[in-house]
There are 2 protein chains.
Amino acid sequence: MQSEINKKLEAKQIKPTPMRQLVLNLLLQEPSALSLRELEEKFDKVDKSTIYRTLQTFQAHYLIHAIEDGSGSLRYAVCEENCTCEPHHLHFHFLCLKCQHTYCLHDYPIQIPQLPEKYQVISANFVIKGICPNCKA
Amino acid sequence: MQSEINKKLEAKQIKPTPMRQLVLNLLLQEPSALSLRELEEKFDKVDKSTIYRTLQTFQAHYLIHAIEDGSGSLRYAVCEENCTCEPHHLHFHFLCLKCQHTYCLHDYPIQIPQLPEKYQVISANFVIKGICPNCKA
DNA sequence: GAAATGTCTGCAACCCGGTTGCAAAGTCAG
DNA sequence: CTGACTTTGCAACCGGGTTGCAGACATTTC
């Protein structure tokens with residue numbers, strides 16, 4: 001699995017440091033997107049700025065994407081294989097108002113409406129809010 | 001026009017205080033959604049907490065809606081006539097990455113995909129980012 | 001292997017949006 | 001006018017995000 005992690009890092013031209021391996025590992029294991037603070041809490045003694053910069057690096061290399069779910073903090077989740085974070089690669093996200101988890105709805109690609117010509121679309125962030133299956137019970 | 005403002009306030013059962021009249025007036029005049037800070041700057045000597053609470057009141061009465069555009073601050077815009085801020089009343093928003101203005105795309109109602117039954121949808125926030133017609137030039 | 005270079009990490013501090021407690025000012029019914 | 005309630009202004013706080021800097025670590029070059 002370690003080699004699994006490293007392969008993913010190197011595929012995106014990211015030098016695999018211990019810190020980065022750990023963070024990526026956590027992100028891969030989690031079914032929901034994690035915030036900076038949530039990541040921080042999973043470590044005992046790692047500074048948030050280190051994690052922050054790790055996440056910045058990951059984003060710059062399209063390894064993860066940030067989700068603005070309106071919960072007050074950004075959430076991060078690993079991108080799909082060949083994602084370039086362009087609009088046609090994006091999917092919906094679901095924020096559960098009860099457990100406050102945010103899930104990638106990978107099977108639900110977003111569709112951006114045809115806007116008037118003069119609008120140039122670069123990116124998008126579609127968040128649906130409600131109660132997730134786990135909390136509905 | 002003053003009576004116009006008051007009518008809107010009273011239609012939503014909001015007592016028309018001077019502060020509220022001014023804030024609503026500003027929101028109505030602006031073509032883009034305004035942040036707390038932007039509103040604050042339009043006044044000379046009004047405290048942000050007052051504006052903040054005014055906006056909270058407006059939201060609670062469905063007079064305005066807040067937009068999480070990912071710019072770091074919430075933006076507020078006046079709702080359409082009979083809006084209840086439920087998903088089927090919502091529209092797309094467009095954040096211009098150049099001028100940082102956020103526009104309501106009233107003519108583009110959002111469409112939420114049919115999720116598996118166990119997801120209960122309550123609300124949504126769809127933001128498209130790019131360059132707006134004014135900045136494209 | 002030691003020196004020099006560059007990258008990564010930890011700490012502290014800061015910025016800024018949002019939020020709250022509290023007291024003063026304003027509103028309004030009796 | 002008085003007392004009850006609402007609204008406003010001030011100050012302070014909280015928490016996420018961000019940055020500067022110095023020390024740790026890795027990598028190259030000789």
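Small disclaimer: the values here were computed from a predicted structure and weren't measured. Just so it is clear: chains get the letters A, B, ... in the order the sequence lines come, proteins before strands, and each one is counted from 1.
Between B:Leu39 atom CG and D:dG9 atom P the separation is 14 Å, expressed in whole Å. As rounded to whole Å, 8 Å separates atom P of C:dG17 from atom CG of B:Leu36. If you measure from atom CD of B:Gln56 to atom C1' of D:dT7, you get 15 Å, rounded to the nearest angstrom. The distance between atom CZ of B:Arg37 and atom C1' of C:dT19, rounded to the nearest whole Å, is 16 Å. B:Ile51 places its CD1 atom 13 Å from the C1' atom of C:dG17, with the value rounded to the nearest Å. Taking atom CD of residue A:Glu41 and atom P of nucleotide D:dG15, one finds them 11 Å apart after rounding to whole Å. The distance between atom CG of B:Leu74 and atom P of C:dT19, rounded to the nearest whole Å, is 7 Å. Distance, A:Arg75 CZ to D:dG16 P: 10 Å, rounded to whole Å.
Checked for salt-bridge contact, A:Glu38 and A:Lys42 miss the test: no charged N lies under 4.0 Å from a carboxylate O. Electrostatic pairing of B:Glu40 and B:Lys45 does not count as a salt bridge here, judged by no charged N lying under 4.0 Å from a carboxylate O.
Taking every heavy atom of both residues into account, A:Thr84 and A:His89 meet most closely at OG1-ND1, 2.9 Å. Closest approach of B:Cys79 and B:Ile64 over heavy atoms only: SG-C, 3.4 Å.
Taking the six-membered ring for Trp, A:Phe92 and A:Phe126 have ring centres closer than 6.0 Å.
Using a 4.0 Å cut-off, some side-chain N or O of A:Tyr52 falls inside it from OP1 or OP2 of D:dT18.
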Identify all pairs in which a protein N or O lies below 3.5 Å from an N or O of nucleotides 7-14 of chain C, and state each distance.
from	atom 1	to	atom 2	distance (Å)
C:dC8	OP1	A:Arg20	NH1	3.0
C:dC8	OP1	A:Arg20	NH2	3.1
C:dT9	OP1	A:Thr17	OG1	3.0
C:dG10	OP2	A:Thr50	OG1	3.1
C:dG10	O6	A:Arg53	NH2	2.5
C:dC11	N4	A:Ser49	OG	2.9

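Atom CD of A:Glu41 has more than 12 neighbouring heavy atoms from other residues, nucleotides or ligands inside a 6.0 Å radius.
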